[in-house]
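The block underneath contains the structure these notes are about, expressed in structure tokens.
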Amino acid sequence: MPDASSVLLQRLQAAFDTVAPGADPVLRVSDRADFQANGALALAKQVGRPPRQVAEEVVAAASLDDICSEVEISGPGFINLTLSDAFVAAQLAALSADPRLGVAEVERPETIVIDYSAPNVAKEMHVGHLRSTLIGDALARVLGFLGHDVRRENHIGDWGTPFGMLIEHLIDVGGAMRAETFSVRDLNEFYAAARKQFDSDPGFAERCRRRVVLLQSGDEETLRLWRIFVAESMRHAREVYELLGVLLTDDDIVGESFYNPLLPVVVDELDSRGLLVEDDGALCVFPAGFENRNGEPLPLIVRKSDGGYGYPATDLACVRDRTGRVGATRLVYVVGADQALHLRLVFAVAALAGYLPDASAAVHVAFGNVLGTGGKKMASRSGGSDRLVDLLAEGIERAEAALKERSSDLSPERQAATAHALGVGAVKYADLSTERVRDYVFDWDRMLAFEGDTGPYLQYAHARIRSIFRRAHLPPPPPGSPLLLGEPAERPLALQLLRFAEAVEVTAETSSPSKLCTYLFDLATTFTGFYEACRVLVDDQAVRSSRLGLCDLTARVLEQGLSLLGIEAPEQM
RNA sequence: GCCUCCGUAGCUCAGUGGAUAGAGCGGCUGACUUCUAAUCAGCGGGUCGCAGGUUCAAAUCCUGCCGGGGGCGCCA
């Protein structure tokens, strides 16, 4: 189903072509009418006629009678366009008949690897993992809904120098045999203790380095201990993922260790392309265009002077694996903004190495920090209680308290489920609704408020609509039922509903879930405007059916939209 | 020093080169025997960090400043 604005654009394009072939109509949503076309102003100079005259020529050439009720030239040469009620109603009926609510599948599906969440083994997940997990999950849902082949990859930090330290400490405290009984909560303290030892005891530090070598060379006893850390950490991560309701499963884990066997291969391939330079004993690639603080070429260190590999090597192997074995046409990295330079280096070197045929295929979806109310970064302070499990539990607890205040008639089980949906939804929406790259302040009171631009408000808007049907004992009208737009408040709602596809597409193009949030909040407020102005359960059969149709459609779009954000939409609150 | 991101109402933030820059929260004034008031309507609130430039048109694009965050060779 071609949506309203593309139909309009098509018609206008044809008209503009008669004045100047290829001219952009510059079609925009307008506050003066439904749409406005601003292209005449840009064209005036080019064709050497006054903008208003150009606008008149365009309007004269345009065939809009069947879709517009009003076409007016205004100001210096804006073309204001008002769609006819009949056209809007027909579009809306088609939308309601469409299970995808107007969102078309892409013509050329891509294989897209989304790299997100990426917790570290031997540490509990903390606030620092929240944004990657939520943004990545929302993007996975959106891109999947658009018909792409989405491959979620959870690039867990399960390899490298910390493990030498952890394993040596485990042996020291005599836990090698009973390590299976460790909980991840122990591991948090465990990590801190090992770290302390590492920093203060040179002998211990040396043993750790040797242990890393053993690990990387595949020593069986070392691997056995390592697996215990990994298994326990992932058990914890799974808990967090279940609490959050994200899509990630064990099948999505492709940790750093996975790429270990590939690292020497990468070194060989870089070498055979003449890219490697030895510098202070380290093997480096110096891609053009990068400088350090002294104005010297900036290296990507592929192999350290001690012969070990760091995460640059792993990341290169990772690109190679994703474009090669996985066959990805697009790589999406949902990684903090502080990694921008590192990723640019990796992408540049990957391109030189031939791992990235299309340099624009790798995208860094960067995000800012979560700040505490003091304005300081809310990431992992050593030993601080910023554990995600605690955070989410608190959100659910607060939501439950808020629910109880409101004398709801939900069963205890229903109430618990709703509290979960609200608490987690609030955290998710607060994170997703602010523009990704900015920092945001984590504030319980604001995100859990039932008024304003919050998750609970949207969930409430949805539940409220569903309750209309439940309490009236009426089913929603069948999809595609006729819709009437008699009242002034019905038009804006209809138009907003018709914009859903665009909102989803823009969200995907910009990798910005906040766009979808803004759309949904606008939809919810537009709906309440309609709901205030128009009584739904009226006697007139046709009007009632139409308004029920608008309600149902709004609820469906809200539910679908929230679902794309990974947020539940309870039927009842 | 270089690179990068950010700077919009008291606070938190929207804002695809287009007309008079918008929401939410807070404040003030109203609307409830509710189709769920967990809501809505109205009022007040602005040198869009500053200065140039490009353009018919700049919060938006370019340059330079100011202020803040982050990054800049063997942690990941």
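Just the heavy atoms: all of them, side chains too, but no hydrogens, waters or symmetry mates, feed the values below. Below, read A as the first sequence line, B as the second, and so on, with proteins coming before strands; counting in each chain starts at 1. Just so it is clear, the model here is predicted, and its values are computed rather than measured.
Going from the C1' atom of G22(B) to that of G45(B) covers 13 Å, rounded to whole Å. With P as the reference atom, G52(B) and U39(B) are 46 Å apart, rounded to whole Å. C61(B) and U16(B): their C1' atoms are spaced 14 Å apart (whole Å). Rounded to the nearest Å, the gap between the P atom of G17(B) and that of G7(B) is 16 Å.
Residues Glu435(A) and Ser512(A) fail the side-chain proximity criterion, which asks for heavy atoms closer than 4.5 Å. Side-chain atoms of Tyr116(A) and Ile135(A), non-hydrogen and from C-beta on, never get closer than 4.5 Å to each other.
In this structure, the CZ atom of Phe442(A) is 17 Å from the P atom of U12(B), given to the nearest Å. Regarding Phe450(A), its CZ atom lies at a distance of 14 Å from the P atom of C25(B), rounded to whole Å. Atom OH of Tyr457(A) and atom C1' of U12(B) are 17 Å apart (whole Å). For Leu298(A) and U4(B), the CG to C1' distance is 13 Å, given to the nearest whole Å. Atom CG in Leu432(A) sits roughly 16 Å away from atom C1' in A14(B) (whole-Å rounding). The CG-P distance, from Leu343(A) to C5(B), rounds to 15 Å in whole Å. Rounded to whole angstrom, the span from the CD1 atom of Ile79(A) across to the C1' atom of G18(B) amounts to 13 Å.
Shown here, G42(B) forms a base pair with C28(B); the pair counts as Watson-Crick or G-U wobble because both key distances fall under 3.5 Å. Judged by Watson-Crick or G-U wobble contacts below 3.5 Å, the nucleotide U16(B) has no partner. Across all strands shown, nothing is found opposite A9(B) as a Watson-Crick or G-U wobble partner with both distances under 3.5 Å. In this entry U63(B) has A51(B) as its Watson-Crick or G-U wobble partner, both defining distances falling under 3.5 Å. Pair assignment for G1(B) gives C72(B), based on Watson-Crick or G-U wobble hydrogen-bonding distances that are each under 3.5 Å. Pairing of U33(B), defined by two Watson-Crick or G-U wobble distances under 3.5 Å, is not identified with any nucleotide.
Dashed line: the shortest gap from a side-chain N or O of Arg438(A) to OP1 or OP2 of G7(B) is under 4.0 Å. The phosphate of A19(B) has neither OP1 nor OP2 within less than 4.0 Å of any side-chain N or O from Arg32(A). Taking side-chain N and O atoms only, Arg446(A) has no distance below 4.0 Å to OP1 or OP2 of C13(B). The phosphate of A14(B) has neither OP1 nor OP2 within less than 4.0 Å of any side-chain N or O from Lys515(A). Listed pair Thr161(A) / C75(B) fails the phosphate criterion, with no side-chain N or O lying under 4.0 Å from OP1 or OP2. Residue Thr434(A) has a polar side-chain atom (N or O) positioned under 4.0 Å from OP1 or OP2 of A14(B). OP1 or OP2 of U36(B) sits under 4.0 Å from a side-chain N or O of Tyr531(A). Dashed line: the shortest gap from a side-chain N or O of Arg471(A) to OP1 or OP2 of U36(B) is under 4.0 Å.
Taking 3.5 Å as the limit, the base of G73(B) and the side chain of Asp279(A) contain a donor-acceptor pair of atoms between them. In this model, no side-chain donor or acceptor of Tyr460(A) finds a partner on the base of A38(B) within 3.5 Å. Side-chain atoms of Asp315(A) and base atoms of A76(B) include no donor and acceptor less than 3.5 Å apart. Contact annotation: side chain of Ser74(A) to base of A19(B), donor-acceptor pair present below 3.5 Å. At a cut-off of 3.5 angstrom, counting only N and O atoms as typed in the model, there is no donor on one side facing an acceptor on the other between the side-chain of Glu405(A) and the base of A38(B).
Each of U16(B), G73(B), C25(B) was ranked by its minimum atom distance to the side chain of Val29(A); first place goes to U16(B). When distances run from any side-chain atom of Glu435(A) to the nucleotides G15(B), U39(B), C75(B), the shortest one goes to G15(B). Considering only the side chain of Phe521(A), G24(B) comes nearest among G24(B), C40(B), G73(B). Considering only the side chain of Ser467(A), U36(B) comes nearest among U36(B), G18(B), C35(B). Distances from the side chain of Arg28(A) to the nucleotides C3(B), U16(B), C35(B) place U16(B) closest. The listed nucleotides are U16(B), C25(B), C35(B); the one nearest the side chain of Glu451(A) is C25(B). When distances run from any side-chain atom of Arg464(A) to the nucleotides U36(B), G18(B), G73(B), the shortest one goes to U36(B). Side-chain proximity of Ile468(A) to G18(B), C35(B), C3(B): nearest is C35(B).
For Phe78(A) and A19(B), the ring-to-base geometry satisfies the stacking test (centroid distance below 5.5 Å, interplanar angle below 30°).
Between the side chains of Glu256(A) and Tyr309(A), no donor N or O sits under 3.5 Å from an acceptor N or O. For the residue pair Asp158(A) and Ser257(A), a side-chain donor N or O sits within less than 3.5 Å of a side-chain acceptor on the partner. Ser6(A) and Asp3(A) share a donor-acceptor pair across their side chains, judged by distance under 3.5 Å alone.
Nucleic acid contact for Ala282(A): base, since at least one base atom lies under 4.0 Å from a heavy atom of the residue. No contact: Ala449(A) has no heavy atom under 4.0 Å from any strand. Looking at heavy-atom distances under 4.0 Å, Val437(A) makes contact with sugar-phosphate atoms alone, never a base. Among the heavy atoms of the strands lying under 4.0 Å from Cys534(A) is at least one base atom, whether or not backbone atoms are also near. If you check every strand for non-hydrogen atoms under 4.0 Å, Ala402(A) touches nothing. Counting non-hydrogen atoms under 4.0 angstrom, Thr518(A) reaches the backbone sugars and phosphates but no base. Among the atoms of the strands shown, only primed sugar atoms or phosphate atoms (P, OP1, OP2) are found under 4.0 Å from some heavy atom of Asp338(A). If you check every strand for non-hydrogen atoms under 4.0 Å, Glu256(A) touches sugar and phosphate atoms only. Using a 4.0 Å heavy-atom cutoff across all strands shown, Asp280(A) reaches at least one base atom of the nucleic acid. When heavy atoms are screened at a 4.0 angstrom cut-off, Gly310(A) is found touching the sugar-phosphate backbone but no base atom. Residue contacts for Val538(A): at a heavy-atom cut-off of 4.0 Å it reaches no nucleic acid atom on any strand shown. Within 4.0 Å (heavy atoms only), Arg470(A) reaches at least one base atom of the nucleic acid.
Look at Glu57(A) and Arg49(A) and you find a salt bridge, because one of the NZ, NE, NH1 or NH2 atoms lies within 4.0 Å of a carboxylate O, short of that distance.
Ring pair Tyr457(A)/Phe521(A): centre-to-centre distance below 6.0 Å. When ring centroids are compared, Tyr333(A) and Phe347(A) come within the 6.0 Å threshold.
Ring geometry, Phe442(A) versus Tyr440(A): the interplanar angle falls from 30° to 60°, so the pair is classed tilted.
Both Gly452(A) and Glu296(A) lie close to RNA chain B; mapped to their nearest nucleotides by heavy-atom distance, the more 5′-ward contact belongs to Gly452(A).
A donor-acceptor pair under 3.5 Å is formed between the side chain of Arg131(A) and the backbone N or O of Asp431(A).
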